[in-house]
J.: 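Just dropping this structure here.
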Amino acid sequence: MNFRKLCVLGLGYIGLPTASTFAVNGIQVLGVDINPDIVETLQNGNIHIHEPGLRDLVSHAIQSGNFSASTQLEEADAFLIAVPTPFKEHKLGEHNGQKYKLADMRAVTSATEAIVPFLRKGNLVVLESTSPPRTTVDLVKPILERSGLKAGVDFHLCYSPERVLPGQILRELVENARVVGGVTPESARAGHDLYTNFVKGKIIETDATTAEMVKIMENTTRDVNLALANEFARLAEKLGVNVWEAINLANLHPRINILNPGPGVGGHCVSVDPWFFVEAAPELTSLIYQARQVNDSQPHFVVEKVKRAFHTQAAVVSGENAVKGVIYGKKIAALGLAYKPDVDDLRESPATEVVHLLQKEGAHVKAWEPFKPDARMNGIYMAADLHDAIRDADAVLLLVKHSEFVKLNPQQLLSQTKARIALDTVNAWNIDEWQKAGFILHRLGVNKS
Ligand SMILES: NC(=O)c1ccc[n+]([C@@H]2O[C@H](COP(=O)([O-])OP(=O)(O)OC[C@H]3O[C@@H](n4cnc5c(N)ncnc54)[C@H](O)[C@@H]3O)[C@@H](O)[C@H]2O)c1
């Protein structure tokens, strides 16, 4: 199939790179977003998200004359949906007394409904949003068929999961293998034809529900493995073992690849998608459920570690025994709020959860996020810069392994802060160097400084 015009609904981390990549490869693209600020930003030649190379790509797309942004759809040969699929804020499901999160599919529903008046015979509709299994056939298809046209007969319908890594999106978009699942083999073929416009990786055709399951299986595998790593960190602390050393040694085995523990699991994908399986079949997903519980409780584990760090110091200074309340009134510099290193994405970030929990304990936290210094986070005090965050702090708490934090020189830092306690939740700082400089360094997964 030949595609001359494409409408991309949702111009975020996925939709904008995808839309502009199609545009620079010769397809006429209308990017549609319900947020008028985003559309205006793009119309003015700016971008609203941080992703390496994206600014240049978008400006090439605009210069090519193939890309424009609007809040309104138009007729096109193909429609691609890349809108958010978070979970519901205020509603939980329940199975045998266990509560689980539910997918909020309102954006997919309204984006699909918006396509209906523009849908024509021969069109292709592709859902890229990570979605619960069967969304394409049970949610998207019936809505589109309100047009009077039949999926797989009058128009093609596909699901194609996006599997790019933030920070590498532009390269991976082109190079990664892509799975295209159609409601019919002909729909899968049409999806294949659309992506051949720029994808250099293999394009594999399958059915829509398999394609949905592939994406959720990938993220669930990561989540379960991260839960295991986090549980290993907790065990290592109890057993007096350095988890980082133990993981390195275990990973020497040719068939073992333990992931790195950390302050929790966040982001728009790994911490969300496993719930889609739990929601689909709570009676079959006890391991997946348990992994989510472990990862969601990891910020609490970090806060207990912070308390113990202050308690150790308090005991030395005053012989005080009670751990509870030990961080009340303490000033803590939280370094990093993003959900992973070197990105500006704060969604579902465990770092923000750690900050909230510390605040609940009465600590005064100043957070410094170099990738989003102007972020307005509910109830979190954002420092103006690193110096502002650490100057009056009693402790420096590293929550994200941003490259610039890894490179911090403890000797230089010492003169810029009152803090002598440093806590590293991501294995970024060298214990000897920090101790030598004069800090007491505590590390997640290690039960001594
Ligand atoms: N960010 C990632 O790294 C990543 C990776 C793989 C898959 N995904 C999946 O891709 C989907 C999109 O994620 P994202 O990170 O790009 O989200 P995002 O929040 O960055 O962008 C989504 C955009 O969609 C817009 N939008 C919401 N409802 C709309 C509607 N009805 N019509 C048009 N626009 C609408 C929003 O205003 C927003 O700009 C999600 O399902 C996500 O799980 C994301």
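Counting from 1, the numbers follow the sequence of the chain as shown. Computed from a predicted model, the values in this text were never measured in an experiment. All heavy atoms count here, side chains included; hydrogens, waters and symmetry mates do not.
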J.: Between Glu361 and Lys307 (salt bridge meaning N to carboxylate O under 4.0 Å), is one present in this structure?
T.: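 Looking at Glu361 and Lys307, the cut-off is met.
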J.: Could you give the side-chain donor-acceptor pairs of residues 110-122 under 3.5 Å, partners two or more places apart or in another chain?
T.:
{"unit_1": "Ser110", "atom_1": "OG", "unit_2": "Arg106", "atom_2": "O", "d": "3.3"}
{"unit_1": "Ser110", "atom_1": "OG", "unit_2": "Ala107", "atom_2": "O", "d": "3.3"}
{"unit_1": "Thr112", "atom_1": "OG1", "unit_2": "Val108", "atom_2": "O", "d": "2.6"}
{"unit_1": "Glu113", "atom_1": "OE2", "unit_2": "Arg146", "atom_2": "NH1", "d": "3.4"}
{"unit_1": "Arg120", "atom_1": "NE", "unit_2": "Glu75", "atom_2": "OE2", "d": "2.9"}
{"unit_1": "Arg120", "atom_1": "NH1", "unit_2": "Pro117", "atom_2": "O", "d": "3.2"}
{"unit_1": "Arg120", "atom_1": "NH2", "unit_2": "Glu75", "atom_2": "OE2", "d": "2.7"}
{"unit_1": "Arg120", "atom_1": "NH2", "unit_2": "Pro117", "atom_2": "O", "d": "3.4"}

J.: Taking atom CZ as the centre, does Arg163 end up with more than 12 heavy-atom neighbours from other residues, nucleotides or ligands that are less than 6.0 angstrom away?
T.: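 Check passes, neighbour count above 12.
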J.: Could you pull out all donor-acceptor pairs under 3.5 Å where a side-chain atom in residues 253-270 meets a protein atom, sequence neighbours excluded?
T.:
{"unit_1": "His253", "atom_1": "ND1", "unit_2": "Arg255", "atom_2": "N", "d": "2.9"}
{"unit_1": "His268", "atom_1": "NE2", "unit_2": "Arg347", "atom_2": "NH1", "d": "3.2"}

J.: Are there more than 12 heavy atoms of other residues, nucleotides or ligands under 6.0 Å from atom NZ of Lys200?
T.: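 No, not enclosed.
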J.: Looking at Lys372, I'd like to know if its NZ atom is crowded, meaning that more than 12 non-hydrogen atoms belonging to other residues, nucleotides or ligands lie closer than 6.0 Å.
T.: yes
J.: From the options His192, Arg189, His156, select the one residue that forms a side chain to side chain contact (heavy atoms under 4.5 Å, CB included) with Met1.
T.: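 With Met1 as partner, side chain to side chain contact (heavy atoms under 4.5 Å, CB included) holds for just one option, His156.
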J.: Would you please test Leu423 and Lys305 for side chain to side chain contact (heavy atoms under 4.5 Å, CB included) and show each step?
T.: CA-CA 9 Å; Leu423 292 115; Lys305 183 140 185 108; 4.2 Å; yes
J.: OG1/Thr136 to CD1/Ile81 distance, rounded to the nearest 0.5 angstrom?
T.: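 With rounding to 0.5 Å, OG1 (Thr136) is 9.0 Å from CD1 (Ile81).
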J.: Is it the case that atom CD in Glu404 sees more than 12 heavy atoms from other parts of the structure closer than 6.0 Å?
T.: yes
J.: Show me the donor-acceptor pairs, under 3.5 Å and distance only, between side chains in residues 19-31 and residues at least two apart or in other chains.
T.:
{"unit_1": "Ser20", "atom_1": "OG", "unit_2": "Leu16", "atom_2": "O", "d": "2.5"}
{"unit_1": "Thr21", "atom_1": "OG1", "unit_2": "Pro17", "atom_2": "O", "d": "2.6"}
{"unit_1": "Asn25", "atom_1": "ND2", "unit_2": "Thr21", "atom_2": "O", "d": "2.7"}

J.: Quick one: are the ring centres of Tyr100 and His95 less than 6.0 Å apart?
T.: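 Judged by ring-centre distance (under 6.0 Å), Tyr100 and His95 do not meet the cut-off.
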J.: For side-chain hydrogen bond (donor to acceptor under 3.5 Å, both in side chains), just list the numbers for Asn46 and Thr41, CA-CA rounded to whole Å, side-chain angles, deciding distance to a tenth of an Å, and then say yes or no.
T.: CA-CA 5 Å; Asn46 295 316; Thr41 303; over 6 Å; no
